[in-house]
Number of protein chains: 2
Amino acid sequence: MPSKKLTKQIIIEEAVAYISETGSPEIAIREISRRLGVKAPSLYNHFRNTKELQYAIYQYSIEKFVMELRESIADKTRDEAIVAFAEAYHDFAIRNRGLYTLVMSIPSNNDENGNRIALPLLELAVSVLSEYGMDRTSVAHWQRVFRALLHGFVSQEYLGYFYHYGDADVEDSRRIAIRCFLDGLHDEIDRSGLPASTGVRE
Amino acid sequence: MPSKKLTKQIIIEEAVAYISETGSPEIAIREISRRLGVKAPSLYNHFRNTKELQYAIYQYSIEKFVMELRESIADKTRDEAIVAFAEAYHDFAIRNRGLYTLVMSIPSNNDENGNRIALPLLELAVSVLSEYGMDRTSVAHWQRVFRALLHGFVSQEYLGYFYHYGDADVEDSRRIAIRCFLDGLHDEIDRSGLPASTGVRE
DNA sequence: TTCCTAAACTAACACTGTTAGTTATAGATG
DNA sequence: CATCTATAACTAACAGTGTTAGTTTAGGAA
């Protein structure tokens, strides 16, 4: 009856599958154990509590997210990279609603550990914006604007806020937003007198 | 023992107070009844279930939110109104984290009722952007961009994503974002050849 | 004063996450 | 090959949740 081959990995994968099916970041320990053909207390041999399992899924999600983003911009720079990043970001959020929601709800304000895990996400956005040669502070500002825009769009799509006024296409809205962001970025760079402000425009 | 004077209003107020204290949108029916000096089942004389109470708080929150926003732009138009709206939005979200989180998590994609309740929020943003004389579709697009930006910022502040790169001030970031938005908006209006594209700049 | 309705109650159910203590097997040891 | 041990499963139980059914009680209307 013991050692039914259950491991941390297996549990995490099952939990991820569960979240992917429900589209919600909530995990029910008893439901997951049921799916694994095991009683609930067995999971406590591998995780101290639900929160710890949540953190593991959180970490897994961020790694997957960052990997997809990184791939999307692999052969691109500047404006092209920004556009690709934005698309991949939106794509991931729509395809992985449960995981994305978890990513955007786990760290509370002073969760040092949670923020450390999310760091690669920050760094990737920073690396893309660093290509324009701005100073560190400006990069920090524009990275915030960029991610706020991306997350804000996803959130409102989740909420269904988009289908209640006019016949405006959601994709068009996103394009306008990114165009707006890039124009603002170029202006900032022009103002600070850096070389080659505009990247590749399609 | 009956008629202890409990009403829908009183329950909602207590729940709102509870949410304001915890900063989380979750309501524990038993905790709220405890605070009201009443047993949990008593609440079911006034609400069919927790979800219905949640909706009531949701509605209350949106009304309060919209009222504050409306006041903030009462004597302003165009750019000035946009800036004031953005400030009031951020202000409300920071001061009422629990309620704001509830507002941004209640309607699921096809919750017709939830979206109907949230409509005034949409309409207010639309009314501000309509002052520039754009066509209906453009207003829809820019309203989405505007609100995405606002919510995205709040979300990331909640998450604590802002204190991990550079020494960039968060308020500065918000100003840059709004400036970027306004510039993009003005460009759009210029391109479509409308009169008086720029509003009042400070 | 009586009656009836509305709003409180108690008791219970099914469901959580979690802990303590028990059992059984897989793999290492002799 | 037999035995021992560590590990990972188990059962039983607790405290907590939202919720329902059925019961009691008091305030306002007749």
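Below, chains carry the letters A, B, ... as their sequence lines are ordered, and counting in each starts from 1.
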Length of the [atom1]-[atom2] vector between [X] and [N], whole Å:
X	N	atom1	atom2	value
B/L36	C/dA8	CG	C1'	13 Å
A/Y44	D/dT7	OH	P	21 Å
B/Q54	D/dG18	CD	P	11 Å
B/K39	D/dT19	NZ	P	18 Å
B/K8	C/dA6	NZ	C1'	14 Å
A/E26	D/dT17	CD	C1'	14 Å
A/R48	D/dA8	CZ	C1'	19 Å
B/L6	D/dA26	CG	P	17 Å

- Message: For Watson-Crick and G-U wobble pairs within 3.5 Å on both distances, what is DNA chain C written in dot-bracket notation, | included for inter-strand pairing?
- Response: .|||||||||||||||||||||||||||.|
If only atom types and distance count, is the side chain of [X] paired as donor or acceptor with the main-chain N or O of [Y] below 3.5 Å?
X	Y	result
A/Y158	A/A93	yes
B/S127	B/L124	yes
B/R144	A/A168	yes
B/H90	B/A86	no

Quick one: which of [options] gets closest to the side chain of [X]?
X	options	answer
B/H46	C/dT18, D/dT19, C/dA8	C/dA8
A/P41	C/dA20, D/dT17, C/dT16	C/dA20
A/I29	D/dG18, C/dA8, C/dT18	C/dT18
A/N45	D/dT19, D/dC10, D/dA9	D/dA9
B/V38	D/dT11, C/dA12, C/dA8	C/dA8
A/S42	C/dA12, D/dC10, C/dT18	D/dC10

- Tell me what B/I27 touches on the nucleic acid: a base, only sugar-phosphate, or nothing, going by heavy atoms under 4.0 Å. sugar-phosphate
- Message: Assess, by modelled atom type and distance only, whether the side chains of B/H141 and B/E188 contain a donor and an acceptor separated by less than 3.5 Å.
- Response: no
- Item | First encountered from the 5' end of DNA chain D, between A/A40 and A/R30 | A/A40
- Query: Can you check whether A/L150 reaches A/I178 side chain to side chain, under 4.5 Å on heavy atoms?
  - Reply: yes
- Under 4.0 Å between a Lys/Arg side-chain N and an Asp/Glu carboxylate O for B/R179 and B/D183? yes
